[in-house]
Every structure is written in structure tokens, then in C-alpha cells.
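Data block below; observations after.
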Protein chains: 2
Amino acid sequence: MQRKLPHSNLYLREEELRRGIELLYFAYRDFTKDPDDILAQSGFGRAHHRVLYFVGRNPGTTVSGLLGLLRITKQSLSRVLGQLVDEGYVEQKPGEVDRRQRLLYLTDKGEDFEKKLFATQRNRVAEAYKKAGPEAVAGFWEVLLNIVDEDQRDTVLRQIEK
Amino acid sequence: MQRKLPHSNLYLREEELRRGIELLYFAYRDFTKDPDDILAQSGFGRAHHRVLYFVGRNPGTTVSGLLGLLRITKQSLSRVLGQLVDEGYVEQKPGEVDRRQRLLYLTDKGEDFEKKLFATQRNRVAEAYKKAGPEAVAGFWEVLLNIVDEDQRDTVLRQIEK
DNA sequence: TTAATATGTCAATAAGGCTGACATAATTTA
DNA sequence: TAAATTATGTCAGCCTTATTGACATATTAA
């Protein structure tokens with residue numbers, strides 16, 4: 001596969017930085033489109049998706065765990081999470097060790113829905129991985145990880161290597 | 001540089017797809033944070049940034065050109081663009097060939113502000129490129145481009161190779 | 001002359017963030 | 001044990017940014 005390599009010595013030139021910034025914007029724009037369409041049909045939005053996704057990936061997580069991962073306020077999360085609980089996508093169980101906590105789990109309904117949402121992004125990313133090849137994928141991961149705030153990289157690594 | 005390579009044959013496994021999806025989310029989350037903070041101080045939001053950015057990159061673009069690139073409605077663009085024009089960041093000149101068009105340009109004030117916003121993302125991406133190395137950067141570009149909608153890739157390529 | 005195009009505008013609606021204030025139950029600490 | 005802290009929830013109000021639909025104007029093209 002022919003690939004244009006960034007300039008070996010001066011690869012930090014304006015043009016190449018612009019390219020990364022723009023690709024990130026366009027890729028993210030399209031990446032979020034498919035699940036957004038499905039969510040809209042159920043009266044949900046992107047925020048519901050994130051909650052479903054991270055609760056699915058981290059069953060038994062607490063509200064504050066989710067707040068730390070999503071980095072939004074509890075008032076914002078509360079509205080979204082409340083809807084998901086009300087409509088039976090997420091269930092809360094009191095923590096056994098610390099009974100102030102509400103441990104979060106997807107219900108069967110929530111799992112089915114999350115799978116449906118995931119499938120669209122999964123297909124898109126799988127296609128992109130296939131076209132780009134394994135080495136490109138490794139580079140993709142590495143650059144993205146280094147774009148994350150330095151003090152968040154450990155948290156992200158723990159999350160993605162779960 | 002030691003890098004974990006995705007599984008050569010079965011690299012489309014769930015875990016590796018999840019990893020890409022999550023990294024994209026976390027990287028984008030942090031990537032947008034710095035300019036968002038600066039924008040908030042001036043009473044602007046992320047949408048203003050996008051307009052400033054793409055007008056800066058494509059001086060003389062039309063309103064419909066911008067709509068196609070950003071893929072939002074003209075009503076949404078209109079509000080944001082109107083504010084930027086009112087406050088002297090963007091200027092509109094009637095098209096010479098087609099006088100219905102309003103060609104868009106950054107003013108000096110707009111250019112200064114855009115540079116300030118760009119600098120934050122530029123630094124972040126430059127650091128990430130440096131840490132990951134040129135080959136990783138090439139992979140980063142390639143995967144991102146393939147995540148973009150297939151029918152949008154030419155448009156995106158024309159934009160990033162400008 | 002008519003139709004289509006580029007742009008702008010008004011109005012209503014919605015998602016999803018935010019801040020601030022306050023409440024409750026449970027746990028930890030002094 | 002009493003007081004402070006923590007985990008969570010909730011109410012109220014505000015902002016940005018997106019949406020749809022309808023309509024207006026100027027200009028260009030058929």
C-alpha cells in the first residue's frame with residue numbers, strides 16, 4: 001500500500017498539522033452521524049449514547065466514575081441518565097460496600113440498543129482499519145493517545161485496555 | 001519506538017474496534033477543550049471556531065461552500081456568521097462574477113483570533129506527532145480519511161491538500 | 001419572461017451543556 | 001458520639017448550537 005509519509009525532518013510543518021486537525025474534524029463529524037440517526041428515532045441524543053456505551057463497557061460503574069470519564073457536570077449527566085433509567089435501558093443498584101453509591105448496569109433492553117448503535121461505528125471503523133492496514137492502525141492509536149491530555153492518558157489506557 | 005501492532009490477521013476483533021472508537025472519543029474531547037475555553041471568553045462557541053477556521057483556510061469561499069463543508073443548515077450558519085460579521089471578524093464581499101454570492105474573508109482581527117485558536121490545537125497535535133513519529137502520523141491520516149464517508153473523501157482530500 | 005439559484009430572515013423546537021443552590025443518606029474523621 | 005465529608009439527586013435558569021418550515025429578495029440562467 002502506497003502511503004504518503006510526512007516529512008521526516010520537518011514533519012511538524014503547518015500543512016501537516018492542519019491536515020491532522022482537519023481530518024480529525026471530518027472523521028469525527030461522520031463517525032457520529034450513524035448512531036445519531038438511530039438515537040433520534042428513539043428520542044435520544046449523543047449524550048445518551050455515551051452513557052450507554054460506557055456503562056456497557058464498565059458494568060457496575062458509579063455515577064462519579066462516569067462523570068470522571070465523560071467530564072461533564074452531574075446535572076447534565078443526571079438528566080440523561082434519569083431518562084435511560086426511566087425508560088428501562090439502565091438500572092441502578094445500591095453499592096454493597098458503600099451504600100451511597102448507585103452502581104450502573106445496562107438492562108437487556110439497554111444492551112440490545114447499545115449493540116445496535118455500536119454496530120454502525122464498528123462497521124465504519126472496521127472498514128477503515130481494513131483499508132488502511134495494521135501498521136496504519138497502530139499509528140492511528142498512538143497519535144490519538146498522545147492527543148489526549150497528558151494527565152488523562154493513564155485513565156484512557158486503563159479504559160481501552162480493559 | 002516500540003509500538004503495539006494490531007493483530008495481523010484478526011485485527012478486526014472487537015477489542016481493537018472498541019479501542020479506536022474510544023480513542024477517537026477521548027482525543028476529540030480534549031482536542032476541542034483549549035479553543036473552547038478561549039472562545040467562551042469572547043462569547044463565542046465551537047461553531048464560530050469552525051467558521052473562522054474554514055474561512056481562513058478558504059478565503060473567498062461562499063456561504064454555500066461553507067454549508068457544504070460544515071454540513072449544517074443555513075439557518076444555523078447564518079446566526080454564527082452574522083455575529084462574526086457584526087463583530088468584525090469576517091467580512092463579506094459581493095461576488096464579481098455572480099453578484100448573488102457573498103464571498104467570505106477574515107479581517108485582520110479575525111485572522112489574529114483564528115491564529116490564537118489554532119495555536120492551541122497546533123501545539124497539541126505537534127506534540128502528539130513528535131511523540132508518535134512520522135510513520136504513526138501517516139497511519140493516523142490514513143485511518144481517519146477512511147473513517148470519513150466514502151462520498152466525502154474527495155472533498156476532504158481537496159480541502160486538506162490545499 | 002419565467003424558473004432556478006444564492007442568500008437572508010423569522011419563528012418555533014430541541015438537545016445538551018453550564019452555574020448555583022439546596023437536600024438526603026451514608027461514611028469518615030475528629 | 002458529633003461533625004465533616006462524600007455520593008448522589010434535584011430544582012431553576014441560562015446559553016449555544018443544531019433542527020424544520022415558511023417566506024423574501026436579488027440575481028442569473030433557460
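Only heavy atoms go into these numbers, but all of them, side chains included; no hydrogens, no water, no symmetry mates.
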Classify the nucleic acid contact of [X] as base, sugar-phosphate or nothing, counting any heavy atom under 4.0 Å across all strands shown.
{"X": "Q83(B)", "answer": "nothing"}
{"X": "V97(A)", "answer": "sugar-phosphate"}
{"X": "G43(B)", "answer": "sugar-phosphate"}
{"X": "S64(B)", "answer": "sugar-phosphate"}
{"X": "H49(A)", "answer": "nothing"}

Next item on the list: Please determine, by modelled atom types, if E114(B) and Y89(B) share a side-chain donor-acceptor pair under 3.5 angstrom.
Entry: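 No, no side-chain donor-acceptor pair sits under 3.5 Å.
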
Notebook entry, point to check: Strictly by modelled atom types, are R46(B) and T32(B) linked by a side-chain donor-acceptor pair under 3.5 Å?
Noted result: yes

Margin query: Determine whether F31(A) and Y25(B) satisfy the following criterion, ring pair (Phe, Tyr, Trp, His ring centres under 6.0 Å), listing intermediate values before the conclusion.
Written below: CA-CA 10 Å; F31(A) 172 70; Y25(B) 167 68; 9.3 Å; no

Looking at the base of [N], is there any donor atom on it, or on the side chain of [X], that sits under 3.5 Å from an acceptor on the other one?
{"X": "Q75(B)", "N": "dG21(D)", "result": "yes"}
{"X": "R79(A)", "N": "dG17(C)", "result": "yes"}
{"X": "R100(A)", "N": "dT27(C)", "result": "no"}
{"X": "R99(B)", "N": "dT27(D)", "result": "no"}

Next item on the list: Measure from the side-chain heavy atoms of T62(B) and tell me the nearest of dT10(D), dT17(D), dT7(C).
Entry: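 The nucleotide sitting nearest to the side chain is dT7(C).
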
Item checked: Side-chain ion pair, R19(A) and E16(A), N-O less than 4.0 Å -> no

Check: Using a cut-off of less than 4.0 Å, is there contact between a side-chain N or O of S78(A) and OP1 or OP2 of dG9(D)?
Finding: no

Checklist line | Terminal axis angle for the helix from dT1(C)-dA30(D) to dA30(C)-dT1(D), five pairs an end, nearest 10 degrees | finding: 20°

